[in-house]
Amino acid sequence: MKTLAIAATLIFSSGAAFAADLPPAPAPVMKAEVYVPAFSWTGLYLGGQVGYSWGDADSSLSLLGLPDYATSSGSPSGIFGGGFIGYNYQFASNLVIGIEADVNGGSLSSTDSVAAFGIPVPSATATHELEWFGSVRARVGYAFDRFLPFLTAGYAFGSATTTYAASGVRISPSETVSGWTVGGGLEYAVTNNILARIEYRYTDYGDLSSSVPYYGNLTVNHSYTTNDLRLGLSYKF
């Protein structure tokens with residue numbers, strides 16, 4: 001027994017000494033986190049959009065100093081499509097400002113009844129049309145990384161045609177109208193280059209008087225306002 005105890009002591013002492021001679025275990029390697037920079041909205045972009053527009057149109061005829069002897073009101077509506085181009089700048093505070101221009105074409109129209117001195121004229125109609133329209137606007141938003149809620153406002157323009165028809169006679173002046181537009185929306189960066197958006201806009205194209213050729217002192221007065229909802233996709237350079 002004494003011999004076994006001495007042998008065990010020698011083995012234990014040798015193992016401890018061997019362990020003491022071993023190099024220390026390597027420290028665990030800490031993996032550095034990969035930094036992914038936040039998306040920046042700064043840059044030029046170019047895109048296209050489709051939408052649906054609905055609005056109000058009022059028109060009247062004036063002749064020989066008799067204002068509004070014939071009147072008509074309608075609600076032109078329809079689908080449109082177009083393109084836009086703009087530039088954004090994002091500050092360190094995540095405030096984003098920009099400028100944008102767009103031009104659209106479509107078939108926004110309605111055919112409506114006509115009243116003469118307040119009395120409906122069964123054989124007469126008035127067609128209100130907004131053939132193309134566009135705007136130049138400022139934009140301001142606040143970036144939540146890849147999400148950008150924004151507001152926009154600026155100058156609006158378009159081409160409006162108001163056609164009065166009765167007993168085979170048609171008068172159809174077409175004029176460039178202008179006014180203002182305001183709206184807002186939400187944009188999302190699908191990738192670093194592809195941007196998707198949804199936007200609402202209200203536009204007032206103002207009041208305009210158009211002289212009708214070959215009809216002496218006949219004048220058509222018209223005004224157009226629209227609401228539209230747009231879906232857009234753009235490429236950020």
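Annotation for T181 and S135: closest pair CG2-CB, 4.0 Å, computed over non-hydrogen atoms. Looking at every heavy atom in both residues, D112 comes nearest to S75 through OD1-N, 4.3 Å. For the residue pair T203 and A156, the shortest heavy atom distance occurs at CG2-CB, 3.5 Å. Considering all non-hydrogen atoms of both residues, S210 and E175 come closest at OG-CG, 2.7 Å. Across all their heavy atoms, N104 and G83 have their closest contact at OD1-N, 4.3 Å. When all heavy atoms are compared, the tightest approach of A143 to Q90 is CB-NE2, 4.0 Å.
Inter-residue side-chain proximity for E100 and T152 is flagged as unmet; no heavy-atom pair is nearer than 4.5 Å. With contacts defined as side-chain heavy-atom distances shorter than 4.5 Å, the pair L229/Y52 does not qualify. Side-chain contact between N221 and D207 is absent, with no heavy atoms from C-beta onward closer than 4.5 Å. Using a 4.5 Å heavy-atom cutoff, the side chains of Y155 and S178 are in contact. For the pair T42 and N88, the minimum side-chain heavy-atom distance is 4.5 Å or more. The shortest distance between side-chain heavy atoms of Y202 and W180 falls below 4.5 Å. At a threshold of 4.5 Å between non-hydrogen side-chain atoms, the residues L195 and V190 do not count as touching. The shortest distance between side-chain heavy atoms of Y188 and I198 does not fall below 4.5 Å.
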| task | Please lay out, stage by stage, how E187 and R139 fare under the test salt bridge (Lys or Arg N to Asp or Glu O under 4.0 Å). | result | CA-CA 12 Å; E187 203 158 5; R139 300 204 321 160; 3.1 Å; yes
| task | Show the numbers, then the answer: is there a side chain to side chain contact (heavy atoms under 4.5 Å, CB included) between D102 and R201? | result | CA-CA 12 Å; D102 68 289; R201 229 89 63 77; 3.6 Å; yes
| field | Intermediate values then yes/no, side-chain hydrogen bond (donor to acceptor under 3.5 Å, both in side chains), R170 and S172 | value | CA-CA 6 Å; R170 291 172 57 89; S172 184; 5.1 Å; no
| request: Show your reasoning for whether side-chain hydrogen bond (donor to acceptor under 3.5 Å, both in side chains) applies to S72 and Y164. | output: CA-CA 9 Å; S72 179; Y164 274 77; 4.9 Å; no
| field | ring pair (Phe, Tyr, Trp, His ring centres under 6.0 Å) between Y235 and F237, worked out | value | CA-CA 6 Å; Y235 184 87; F237 295 92; 5.1 Å; yes
| task | Evaluate side-chain hydrogen bond (donor to acceptor under 3.5 Å, both in side chains) for S60 paired with T71, printing each intermediate quantity in order. | result | CA-CA 4 Å; S60 63; T71 60; over 6 Å; no
| Could you go step by step and tell me if R146 and N192 meet the side chain to side chain contact (heavy atoms under 4.5 Å, CB included) rule? | CA-CA 9 Å; R146 291 180 175 271; N192 286 343; 2.8 Å; yes
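Hydrophobic clustering (side-chain heavy atoms under 4.5 Å, transitive across Ile, Leu, Val, Met, Phe, Trp, Tyr) groups F117 together with V114. Two different hydrophobic clusters hold V182 and V136 under the rule that ILVMFWY side chains link at heavy-atom gaps under 4.5 Å. Y45 and V103 are assigned to two separate hydrophobic clusters, defined by single-linkage of ILVMFWY side chains at heavy-atom distances under 4.5 Å. Following chains of ILVMFWY side-chain contacts shorter than 4.5 Å, one cannot reach L44 starting from F150, and the two form parts of different hydrophobic clusters. Taken together through direct or relayed side-chain contacts under 4.5 Å among Ile, Leu, Val, Met, Phe, Trp and Tyr, F39 and L233 form parts of separate hydrophobic clusters.
Between T127 and the options T162, T163, T111, a side chain to side chain donor-acceptor pair (under 3.5 Å) holds for only T111.
Remark: R230 fails to qualify as a cation-pi partner of F84 under the 6.0 Å distance and 45° angle criteria applied to the six-membered ring.
With no hydrogens or angles considered, no side-chain donor-acceptor pair links N193 and T191 at under 3.5 Å.
Separating the OG1 atom in T161 from the CD atom in E131 is a distance of 3.5 Å, to the nearest 0.5 Å. In this structure, the separation between OG on S110 and CG on D56 is 9.5 Å, given to the nearest 0.5 Å. Note that the NE2 atom of H222 and the OG atom of S59 stand 8.5 Å from one another [nearest 0.5 Å].
Ring orientation note: the planes of W132 and F157 are nearly perpendicular, at an angle over 60° on the 30°/60° scale.
Within the 3.5 Å criterion, the main-chain N or O of D145 finds a donor-acceptor partner in the side chain of W41. Judged by distance alone, the side chain of N227 and the main-chain N or O of G55 form no donor-acceptor pair under 3.5 Å.
Environment of CD1 in I79: sparse, with no more than 12 heavy atoms of neighbouring residues, nucleotides or ligands closer than 6.0 Å.
In the hydrophobic clustering, where aliphatic and aromatic side chains (Ile, Leu, Val, Met, Phe, Trp, Tyr) are joined below 4.5 Å either directly or transitively, L130 groups with F80, L108, F133, V177, Y205, L208, Y224.
If you look at Y142 and F144, their ring centroids are closer than 6.0 Å.
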